[in-house]
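The next block holds one structure in the form of structure tokens; read it before the comments.
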Amino acid sequence: MASVLLVEDETDMNHLIRSHLEAEGHEVRQAFDGPTALRLVQERVPDLVILDWMLPGMDGLAVCRQLRTNHLMPIIMLTARSEEIDRVLGLEVGADDYVLKPFSMRELLARVRAMLRRVALDVRLAGAGAPGEAGDDVPPAPQAITRGPLHIDIANHAVTLDGQPVDLTPKEFDLLALLAAHPNRAFSREFLVERIWGYPYDGADRTVDSHIVRLRKKLGELGEKITTVWGVGYRFVE
Ligand code: CA
């Protein structure tokens with residue numbers, strides 16, 4: 001079961017896809033245009049996005065590009081334009097898969113299942129264990145951590161990237177230090193909130209996510225190493 005954001009301007013099609021996804025047990029939020037989709041993602045990051053290319057105003061490519069500046073959740077694009085698939089899947093836009101219109105609902109659901117399986121496998125390979133259990137019993141961090149061009153001086157709360165200081169808030173620092181100290185290990189939002197902010201996670205809190213977004217921005221290219229782990233939280237990839 002996943003939370004899916006469905007972006008399709010054709011009302012009947014949107015409702016049809018929604019009912020099939022809900023029948024599979026997924027929680028679906030609907031958007032009928034790009035700006036609404038972006039707003040819904042800002043409110044709560046979905047596990048998967050199904051995104052129609054042809055939207056009035058801001059098209060699906062622009063939405064996808066925009067999402068990819070801050071998010072790594074899987075995106076499946078719906079397109080009627082077979083000649084453009086390379087652009088959809090390529091670096092230019094960054095979708096993970098596509099379904100060519102017209103499609104059967106069975107085909108779309110199979111793609112959704114395959115994508116969610118792929119992400120779940122990714123989580124297991126990361127050694128996360130079952131979602132929600134990740135991040136328990138973490139050994140203490142060392143005094144300094146070096147990951148490529150990134151150097152974290154724990155005692156002095158200082159971070160440098162290629163020798164240049166990076167200006168982080170105390171919470172951003174704690175978050176980065178924890179993730180980077182345990183590369184490839186997935187940490188749940190629940191664990192991160194309780195460990196770093198010191199209060200219980202209520203299941204809807206986006207504090208961790210907004211800090212991750214800022215951290216990624218401040219770290220530039222290296223920020224891509226902090227990846228979203230579907231259904232769990234985040235990890236630092238090495
Ligand atoms: Ca459309």
Side-chain angles (χ1 to χ4, degrees), residues 1-123 204 206 209-210 212-213 216-217 223-224 227-232 234:
M1 194 171 89
S3 71
V4 179
L5 175 65
L6 171 58
V7 193
E8 163 67 87
D9 60 305
E10 289 152 60
T11 312
D12 290 350
M13 178 63 89
N14 195 319
H15 291 314
L16 182 67
I17 298 174
R18 177 199 175 160
S19 65
H20 278 85
L21 288 169
E22 284 181 344
E24 297 243 312
H26 300 308
E27 180 242 328
V28 182
R29 285 182 297 162
Q30 294 167 289
F32 298 87
D33 60 72
T36 305
L38 295 177
R39 185 173 53 74
L40 289 175
V41 170
Q42 230 169 14
E43 281 173 12
R44 183 159 53 87
V45 179
D47 298 319
L48 175 84
V49 178
I50 297 175
L51 177 60
D52 186 34
W53 177 317
M54 298 299 282
L55 298 169
M58 184 181 203
D59 70 11
L61 296 194
V63 174
C64 191
R65 232 176 255 133
Q66 189 69 40
L67 287 176
R68 277 290 175 257
T69 59
N70 283 328
H71 301 285
L72 291 162
M73 86 287 273
I75 298 174
I76 298 177
M77 292 227 32
L78 308 178
T79 175
R81 302 162 69 165
S82 57
E83 73 275 16
E84 301 283 18
I85 285 164
D86 288 349
R87 286 183 62 201
V88 170
L89 296 182
L91 288 175
E92 189 186 347
V93 181
D96 297 279
D97 200 359
Y98 69 92
V99 176
L100 207 55
K101 282 183 167 183
F103 55 83
S104 70
M105 211 47 69
R106 228 176 79 176
E107 182 188 357
L108 176 63
L109 293 175
R111 296 298 186 91
V112 167
R113 276 193 294 267
M115 185 60 65
L116 293 175
R117 261 202 311 273
R118 202 167 102 189
V119 180
L121 179 68
D122 198 29
V123 172
R206 300 333 278 179
D209 306 78
S210 57
I212 291 280
V213 166
R216 282 179 180 148
K217 273 194 184 139
E224 290 167 21
T227 65
T228 306
V229 185
W230 174 72
V232 178
Y234 297 97

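The shown structure was predicted, so the numbers you read here are calculated from the model rather than taken from an experiment. Both counts, for ligands and for their atoms, begin at 1 and track the order of listing.
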> Considering only N, O or S atoms, which atom of Asp9 is nearest to the Ca ion (ligand 1)?
Replying inline: OD1
>> Could you walk me through whether Val213 and Asp209 satisfy the side-chain contact (heavy atoms from CB on, under 4.5 Å) test, starting with their C-alpha distance in whole Å, then the side-chain angles of each, then the deciding distance to 0.1 Å, before giving a yes or no?
In response: CA-CA 6 Å; Val213 166; Asp209 306 78; 5.6 Å; no
> Mind checking what makes salt bridge (charged side-chain N to carboxylate O under 4.0 Å, His left out) contact with Lys101, not counting sequence neighbours?
Replying inline: Glu8, Glu10, Asp52
> Do you know which N/O/S atom name in Asp52 is closest to the Ca ion (ligand 1)?
Replying inline: OD2
>> Under 3.0 Å from the Ca ion (ligand 1), can any N, O or S atom of Met13 be found?
In response: no
> Does Met13 CE have over 12 foreign heavy atoms under 6.0 Å away?
Replying inline: yes
> Taking only residues two or more places apart in sequence or in another chain, which ones pass side-chain hydrogen bond (donor to acceptor under 3.5 Å, both in side chains) with Glu27?
Replying inline: Arg44
> Among the N, O or S atoms that Glu10 has, which is closest to the Ca ion (ligand 1)?
Replying inline: OE2
